[in-house]
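Residue numbers start from 1 in every chain, and the chains themselves are labelled A, B, ... in the order their sequence lines are given, proteins ahead of strands. For clarity, every value in this text was computed on a predicted model and none was experimentally measured.
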Amino acid sequence: DPALIYDLGGKFDKSFNEAAYGGAMRWVEETGGSYKELEMQSEAQREQALSRLAESGANPIVMTGFAFGDVLNSVAPEYPDTKFVIIDMVVDQPNVRSIVFTEEQGSYLVGMMAAKASKTGTVGFIGGMDIPLIRKFACGYVQGVKAANPDAVIVQNMTGTTPSAWNDPVKGSELTKAQISQGADVIYAAAGGTGIGVLQTAADEGILSIGVDSNQNHLHPGKVLTSMVKRVDNAVYESFMAGEAVEPGIAVMDLAAGGVGFAMDDNNAELVSEEMKAAVDEAAAKIIAGEISVHDYMSDNTCPVE
Amino acid sequence: MDKLPAWADIVLVPLISLLLAAVISAIVILAIGQDPWEAVRVMVQGALGSSYGWGYTLYYTTSFIFTGLAVTVAYHASQFNIGGEGQAQIGGLGVALVCLAVPWPHWTLALPAAMVGAALFGAAWAAIPAYLQAKRGSHIVITTIMFNYIASALIVYLLVEVLRPAGQMDPATARFPAGAALPTFKDIPGLNLIFDKKVPANVTFFIAIAACFAVWILLWRTRLGYQIRAYGKSERAAIYAGISPVKVIMIAMLISGGLAGMMAINNVMGEAERLLQNSAEGAGFIGIAVALMGRNHPLGVFLAALLFGFLYQGGAEMGLWTSIPIELRLLLQGLVILFTGALDNMVRMMLVPFFRNRAKEAA
Amino acid sequence: MTGAQDSGARQATAAPTSAPPAIELRGISKAFGSVQANKDISIRVMPGTIHGIIGENGAGKSTLMSILYGFYKADAGEILIDGKPTQIPDSQAAIRAGIGMVFQHFKLVQNFTVLENIILGVEDGPLLRPSLSKARKELKRLAEEYELHVDPDETIEELSVGHQQRVEILKALYRQADILILDEPTGVLTPAEADHLFRILDNLRQQGKTIILITHKLREIMEITDTVSVMRRGEMTATVKTSETSPEQLAELMVGRKVLLHVPKGPANPGETVLEIENLRVVDEDKVERLKGVDLTIRAGEILGIAGVSGNGQSELLEVLGGYARATGTIRINGQEIDLTGKHSDAQSRRHRGIAHVPEDRHHYGLILDFAAWENMVFGYHNEPEYQKNAMIMDNDGIVEKTAAAMEHFDVRPPIPTLPAKSFSGGNQQKIVLAREIERNPDLLLVGQPTRGVDIGAIEFIHKRIVELRDAGKAVLLVSVELDEIMSLSDRIAVMFDGQIMGERLPDETNERELGLLMAGIRDTKGAA
Amino acid sequence: MDYATLIQVLDSALRLATPLLLACLAGLFSERGGIFDIGLEGKMLMAGMASGAVAFLTGLVWLGVGAAIGASILFSMIHGLASITFRGNQLISGVALNFLASGMTVLIAQALFRQGGRTPPLTGNARFSPIDLPFAEAMADVPIIGPLYAEVLSGHSTLVYVALLAVPVTWWVLYRTRFGLRLRAVGENPESVDTAGISVVRLRYSALVITGILCGLAGAYMATALQAGFGREMTAGRGYIALAALIFAKWRPWYALGATFLFGFLQALALRPDVIERSFGMAIPVPALDALPYILTVIVLAGFVGKAIPPRAGGQPYVKER
Ligand SMILES: Nc1ncnc2c1ncn2[C@@H]1O[C@H](COP(=O)(O)OP(=O)(O)OP(=O)(O)O)[C@@H](O)[C@H]1O
Ligand SMILES: Nc1ncnc2c1ncn2[C@@H]1O[C@H](COP(=O)(O)OP(=O)(O)OP(=O)(O)O)[C@@H](O)[C@H]1O
Ligand SMILES: [Mg+2]
Ligand SMILES: [Mg+2]
């Protein structure tokens, strides 16, 4: 059986981990198969979780989150016959498939939408744990905002410096209020479970928010502008489908491959004007065509625009 | 209150407490629509059913022995050390600093140095609450709780700002040099016949057993232990005998903190091989339950640590293979502490009529 | 206080004999675990009188009064108030029956004001304000009527002990008590405060209140009571009219054993001076002066007995010498001065100077009840090299062996060194302590109440050991409340009263009567009150 | 820090101080009655779970609050059983109840909703919405105090005002009523209460019931006002901070308000590293702010800034006859 390990935010974070869960469920529905899953409770459990699943014969073992990188590096050689799939991190081992996303591209698109939807000209970004990966989100977002409105002001906050930043809705909510008081009227939350608090408060306070990873539009219908979907579900689904034959190496899920994008559905139909949609679609096409290149923060740990 | 025979107090009361905790847990499992028997089966199978399971059970046992002994030593000086968690985390800091400071050529050299680091740091973290209790009468329970929180904030700060290697995303130190890696059961000749897979249980287990023995010697064979126990039983009598309360509190708490810190040898050096946030994972608190169950005797602590190692590993397996959440082990742990530590008089009262009848029959 | 006023008052308020007793207790018994604190006690107290109760520490006085006040429940017996059988299941019932009690240890809330303490439990409704203003007025009236002045807004912790006691009395009066119990009220008072208290009590008696007064001080009994009961080991041994008794008789009833034990001992051969005490003073936590300049000397080969009713400073004297109470003054051992306040003022240093100490309270000081006999046998001497195997490890086996020998030597039964101390009887526990202290062969042995709670056979044994030690040329300081023990053991007797030495006597040249008077603080041996 | 930012931080501080304040007052009743309670955390957690679950199931937030109070009182009574009736160790009982709550909340929430120990998000009437105080709009433009009233004080959920109101009420109960007098007495010297003919046991249980109610409100606030639903370990040590605040406040109601507001302010500041950096000209590490309440408490405990004297009978079971 395949197995899936969720990171600290937990399976039902309505975001990153829940997307992975969705992929697994899709696989279950289609194949009728069963899989094992595990939620991390603490940093120190990662190694045990990995080796225990490997020990139990699970194959492949999919894990969500960069934080598994270090332990996977040491566990993978112990179980050469087991295939591991890690999302959001590159681990160079012969039996590991590393899946990474071009979050900067998706963030660019929702950034454009944010700039267009904003009435105040100020938009916000709330990140989870302050790590290069999340800065990558932020950088793409900023580029998109500036592309749509070069005069826009962007307020940025990170929730924290430890993994608990992924699961701190109270802090998310307070940061949202702070950004609103600074004039932000569209806020993009790239913060896992913390984002629940961001979206909630944005809805309460009557401004727009942008979800992340999963399609979060339904959480507050008519209040969530869109979601930067990162098809973690597809990554999990495909890995499960491939089973033990999953191919080691690095897989980049980009806009062209449908790995990232923005969500449109009934819940946000009224928020997105024809014009806005057309502009974003056009930008997407240009990115795919290579006419627009969105800078990847992690390529040089800097962002060209602030 | 009627008295129970000593053996009943030492053996029967903890057993009944454990039984009560188990029964209530079973009721909870039933109430959430799961099968308690299945839970027990999975726990036993997962923790004791394979050498692999034992490798984990004994790993946890090792940690709990240290924290249990820490509570025990403090208890004999009538100090309730709730700070094991913080002391263990700071002990981990000591281990990490020692392991990272020197490119250790071999674990036999790294281990003693790391032990010293762990014990010193753990003891240092216990020193302030101890001093405040001894000199200024600040309640040690409250101060040690506060120090747990201060410890975790300090560790977060150090991991994020100071010790994290450049380019690493998660807050942790670098990996320790290979020369500091402790042999696990798989690497120990003889034991590797049983443990053919990599398990986290490592040489620290034997150090823990040695620590049990050392604590026993300390408490019941040395002058210092004599003074600690005398002070713990009666402060007034201790003063009559010329035993200095300040000295006893300080020394007992330093030893206690040192033992809690030593736990880090097991998890930080032996298993994770780098310092992580929240490395103690609640073992400091489990030490309270272990000491209570073990009646504050090293042998009892050893047995209780084994039991809790089983519960901890079994609970993890249960969380993995059944739909009962892993949190059941927190519940079980809470119940054991409640019955052995707080409702012990109730348990005793439940037993008294039984012994009274027997006494009558005998008469 | 003047005797004339006193007797006048007594006559004026003497109750008609036909009235039923204000309080009558019949067959009261009470046990705490294995301790029988009260055994079948009966007593009658007539209205409008002051009834004294005397008795040794632990005789059961406080327990009896606590039962009357509903604080403890009696195991058996009944209580009659004004001739009517009354159930007193709790203190509320006692208050309703018109009983007020001033406990030995005050039951006041330290950080409350006087007023708050007064109304606690008798508030006039869910809100405090009306009760407080009512109490303020009432307090003023009571203060004037009974000369009981205290500032109602002061917190208790700011009050002197004497004033705290007034608050307790006011509390009882505010609850309209007709019967007032005072448990050792003068133990914590200065003489002036005590005099004032007695004026108040006299006043209360004149107002028709009934008062039960517990005290250790015979002088107080003689001065103020109408009748007096004597308790001993949980039993009521006698009740007499105060006018028909004498301090000597009371002292005998209280402490004396009828059979005078004979201690076979030869004449003393005093040698060098071992202990010299000059101007020793002790002030306790409540700032009460417990020792008021004590001077004593003891020579080698001599037993100095300190007689006195307990609570007159003997305990403090032992504690200072033993090294666990602070003092000022000078103490010299074998001519060398010892440190009273500094680094070496602890018990270990004292033992190094050759002072051994059998404490008065073996349960709380002398023994660790949970420790085995062998562990107790080195208690206080645990650092001595002879008990160590090496720098770290104690020589437990050796200690057990030595303990076995010592237990044999001191006839401890059962002679099992591994038994915990709590499972020995009182007498045998005491022998363990004595064995430990005497076997060390000290220069000076301090002994407090060596035979309290010990049976006759053991007493004889213990006495013999103490005399042996003296004959070996050691100095012994013996504190006991048992007069005949003092008389028969001592080579010299010093009587303590109120933190001072009232006088020294030689046992052959004095008698119990004279000592009893000295113990009562009366120096004039001819004209008793 | 400019005034607008300060207002913003104060606003946030008030929200974050509210659960601390409620829990702190809860601890105040218990400890004033002579029962140490390190189980505030566990009671809050239980209450949070109960309110989240019941509010979701019924759609009515007040039923959720009721459930929270019920769950919290249940835990209080277990604590009472251990520490009053069976004269057990109050500290150990508190530790045990915290463990119990950590496990139980997740087990129950998981069994009910299968969302990893969370309760589903609350919407509409299942959750408290902010209320505006009278004249908030009109006042907003008054300089200085206007924003203070309109932004900081106004616009919170009912429970925030309940908590603020609880301070004078606690003070009044403690110092102006018979119950308060007796409660304070039983925590200082239970014998004084016993000899006055009042039941120590009944008084102490009553105190624990009040503790239960206030902890219930604190937990309910966390799950139904501050957030929209219960999440695993959502109290995140607030029970211990409340305990620290209680010591900091020297067991007095108005001081409790001050202490919890200070700690809430620190928490609010910790959320705004940008503000700190701007106003102090350097980055104060967030962990340092997180640890500050605990450090301050240790300093107070050490007696360096005015000694904190706990109720004298605190922590000891009342034993009349040995
Ligand atoms: N609450 C209690 N629990 C157990 N034993 C008690 C208790 N109170 C008193 N005792 C015991 O009962 C006996 C009588 O004690 P009580 O206090 O009545 O003596 P007392 O005559 O008042 O002595 P003192 O002169 O020292 O006040 C003693 O042995 C004492 O140790
Ligand atoms: N305060 C106490 N705490 C614990 N045990 C006690 C206490 N007081 C007495 N005991 C125990 O109760 C038992 C009876 O004690 P007690 O002093 O009355 O002995 P006893 O039977 O009178 O012996 P002896 O004849 O030697 O005086 C003994 O086992 C004693 O150790
Ligand atoms: Mg008494
Ligand atoms: Mg006896």
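- Using non-hydrogen atoms only and a strict 4.5 Å limit, the part of residues 190-206 of chain D facing chain C consists of D/Glu191, D/Ser192, D/Val193, D/Asp194, D/Thr195, D/Ala196, D/Gly197, D/Ile198.
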> For C/Leu120 and D/Arg182, what are the C-alpha separation, side-chain angles and deciding distance, and is it a side chain to side chain contact (heavy atoms under 4.5 Å, CB included)?
Replying inline: CA-CA 7 Å; C/Leu120 182 66; D/Arg182 292 176 175 187; 3.9 Å; yes

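- Salt-bridge formation is detected for the pair C/Glu157/D/Arg312: a Lys NZ or Arg NE/NH1/NH2 atom is positioned less than 4.0 Å from an Asp or Glu carboxylate oxygen.
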> Can you check side chain to side chain contact (heavy atoms under 4.5 Å, CB included) on D/Trp172 and C/Leu127, steps first, answer last?
Replying inline: CA-CA 10 Å; D/Trp172 182 80; C/Leu127 297 187; 3.5 Å; yes

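- For the set C/Gly70, C/Ala94, C/Gly125, the entry with the most heavy-atom pairs within less than 4.5 Å of chain D is C/Gly125.
- Heavy-atom proximity under 4.5 angstrom to chain C picks out nothing from residues 23-36 of chain D.
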> Does the side-chain hydrogen bond (donor to acceptor under 3.5 Å, both in side chains) test come out yes or no for D/Glu188 and C/Asn111, once each step is laid out?
Replying inline: CA-CA 8 Å; D/Glu188 286 292 324; C/Asn111 58 359; 3.1 Å; yes

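- With contacts defined as side-chain heavy-atom distances shorter than 4.5 Å, the pair C/Leu128/D/Arg176 does not qualify.
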> How far apart are the C-alpha atoms of D/Leu181 and C/Glu123, what are their side-chain angles, what is the distance that settles it, and do they pass the side chain to side chain contact (heavy atoms under 4.5 Å, CB included) test?
Replying inline: CA-CA 10 Å; D/Leu181 184 78; C/Glu123 308 87 346; 3.6 Å; yes

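- Within 6.0 Å of OH on D/Tyr318 lie more than 12 heavy atoms contributed by other residues, nucleotides or ligands.
- No other option in C/Ile119, C/Leu108, C/Asp124, C/Asp90 has as many heavy-atom pairs under 4.5 Å with chain D as C/Leu108.
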